[in-house]
Amino acid sequence: MGFFTFALLKLDKMKYSTTPINQWVKEERPREKLADKGASHLTDAEILAILLGTGSGKKSAIDLARNILLAAANDLNELSRLPISELTKISGIGPAKAITIQAALELGRRKRNTPPQMKRKISSSKDVFEHFQAILGDLPHEEFWIMNLNRSNQVLSTRKISEGGWHSTVVDPKKVFSRALEEKASSLILAHNHPSGNVSPSIEDKKITNKLRRSGIDLEMPILDHLIIASHGYFSFADEGIFGVE
């Protein structure tokens with residue numbers, strides 16, 4: 001008798017809780033637990049349960065996940081070697097769930113074999129312009145973006161904060177810094193476009209720049225620059241030395 005067959009026979013003799021996951025204490029539900037504490041705090045069974053999405057019959061997604069792991073001797077490497085035909089022999093696991101499991105394991109394998117890419121380092125306002133020009137240069141309306149940087153001035157992410165009409169867009173400081181905090185940024189660069197092509201800062205541009213700059217100082221998350229982007233050029237608050245000018 002092969003191990004897989006033995007494991008399936010053993011599964012039939014085991015008893016599992018049939019309480020649906022949506023009736024569990026909220027903090028113990030896999031999805032909520034991941035959102036609150038991060039994926040590293042979940043067990044293999046909890047992560048598998050999220051992939052499965054739903055249970056089957058009287059079994060919850062966690063029950064099915066435990067069954068799958070038991071069939072693979074609780075070894076993720078062994079699980080990755082099980083073909084779809086073997087996974088579907090587990091009660092409650094159909095082709096769709098088996099394919100989802102294999103796809104997730106393959107994604108993990110590819111990540112493990114992919115060398116990390118170097119993050120782009122920002123050394124000048126020109127670097128920022130080259131990054132945002134393709135995004136903002138030819139838009140017919142204004143958009144406001146932030147660039148989140150680490151301590152080495154490498155780009156962690158760029159995020160759109162808001163968009164508006166021809167003349168302006170509304171910027172919420174809480175949204176700016178909440179996005180930066182989510183990324184664990186050390187500093188930020190602001191960018192927005194002027195569809196008119198005139199890159200000169202307006203009074204409102206100066207006001208929002210200084211409002212965000214002061215908030216960044218309070219949060220120890222400095223604003224390094226603010227660029228106004230047009231199709232063929234840009235204006236840098238830092239280059240022009242007008243940070244702090246109302």
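Every value quoted in this text rests on a predicted model; they were computed, and no experiment measured them. Throughout, numbering of the chain's residues begins at 1 and tracks the sequence.
Listed for the Gln133 side chain is no donor-acceptor partner under 3.5 Å among the backbone atoms of Ile229. A donor-acceptor pair under 3.5 Å is formed between the side chain of Glu46 and the backbone N or O of Thr43.
Of all heavy-atom pairs spanning Ser178 and Lys175, the tightest one is OG-O, 3.1 Å. Residues Gly92 and Ser56 share a closest heavy-atom pair of CA-OG, 3.5 Å. Contact between Ser236 and Leu227 at its shortest, heavy atoms only, is CB-CD1, 4.1 Å. When all heavy atoms of Lys160 and Arg179 are compared, the pair lying nearest together is O-NH1, 3.6 Å. Summarising the geometry of Asn193 relative to Glu142, their closest heavy-atom pair is O-CG, 3.1 Å, with the distance given to 0.1 Å. Here the closest heavy-atom approach between residue Pro201 and residue Phe237 is recorded as CB-CZ, 3.6 Å.
Of the N and O atoms on the side chains of Arg110 and Asn113, not one donor lies less than 3.5 Å from an acceptor on the other residue. Side chain to side chain, Asn150 and Ser186 fail the donor-acceptor criterion of an N or O pair below 3.5 Å. Side chains of Asp205 and His192: a donor on one and an acceptor on the other come within 3.5 Å. Side-chain polar atoms of Asp225 and Ser125 form no donor-acceptor pair below 3.5 angstrom.
Transitive grouping of hydrophobic side chains (ILVMFWY, heavy atoms separated by less than 4.5 Å) keeps Leu34 and Ile62 in distinct clusters. The hydrophobic clustering, which links ILVMFWY residues whose side-chain heavy atoms are closer than 4.5 Å, places Ile84 and Ile90 apart. Hydrophobic clustering, with ILVMFWY side chains joined whenever heavy atoms are under 4.5 angstrom apart, keeps Leu64 apart from Leu42. Hydrophobic cluster membership is shared by Val155 and Val128, with clusters built from Ile, Leu, Val, Met, Phe, Trp and Tyr side chains linked at under 4.5 angstrom. Criterion: ILVMFWY side-chain heavy atoms under 4.5 Å apart, direct or through other members. Under it, Leu212 and Leu156 are not part of a common hydrophobic cluster.
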* Could you walk me through whether Thr88 and Lys97 pass side chain to side chain donor-acceptor pair (under 3.5 Å), step by step? => CA-CA 8 Å; Thr88 53; Lys97 284 183 167 60; over 6 Å; no

* Given the rule in the side chain to side chain donor-acceptor pair (under 3.5 Å) test, do Asp63 and Ser60 qualify, once you have shown the distances and angles that lead to the verdict? -> CA-CA 5 Å; Asp63 294 332; Ser60 70; 3.3 Å; yes

* **Test log, rule side-chain contact (heavy atoms from CB on, under 4.5 Å), inputs Leu149 and Leu224** => CA-CA 10 Å; Leu149 305 174; Leu224 302 183; 3.7 Å; yes

* Go through the steps for Val171 and Lys211 under the test side-chain contact (heavy atoms from CB on, under 4.5 Å), then give the verdict. => CA-CA 10 Å; Val171 181; Lys211 183 176 182 179; over 6 Å; no

* **Step-by-step side chain to side chain donor-acceptor pair (under 3.5 Å) determination, Ser200 to Asn198** => CA-CA 6 Å; Ser200 298; Asn198 180 0; 3.2 Å; yes

* Would you sort out whether His226 and Phe144 count as a ring-ring contact (aromatic ring centres under 6.0 Å, His included), showing the intermediate values? => CA-CA 10 Å; His226 181 180; Phe144 193 98; 5.6 Å; yes

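Phe177 pairs by the ring pair (Phe, Tyr, Trp, His ring centres under 6.0 Å) definition with nothing, not counting sequence neighbours.
Side-chain contacts under 4.5 Å among hydrophobic residues (ILVMFWY), followed directly or transitively, place Leu107 with no other residue at all.
With Asn210 as reference, Arg213 is the one residue of Arg214, Lys206, Arg213 to meet the side chain to side chain donor-acceptor pair (under 3.5 Å) rule. Under the side chain to side chain contact (heavy atoms under 4.5 Å, CB included) rule, Arg120 has a single partner from Glu130, Met147, Gln154, which is Glu130.
Atom-to-atom distance recorded for Ile217:CD1 and Ile223:CD1 is 9.5 Å, nearest 0.5 angstrom. Taking CG of Leu79 as the reference point, atom CG of Asp44 lies at 9.0 Å (rounded to 0.5 Å). To the nearest 0.5 Å, atoms CD1 (Ile93) and CD1 (Ile99) are separated by 12.0 Å. Between the CD1 atom of Ile68 and the CG atom of Asn74 there is a distance of 11.5 Å, given to the nearest 0.5 Å. Between the NE2 atom in His41 and the CG atom in Asp36 there is a gap of 9.0 Å [rounded to 0.5 Å]. For the atom pair OG1 of Thr100 and CG of Leu105, the computed distance is 11.0 Å after rounding to the nearest 0.5 Å.
Under the ring-ring contact (aromatic ring centres under 6.0 Å, His included) criterion, no residue pair touches residues 76-100, with sequence neighbours excluded.
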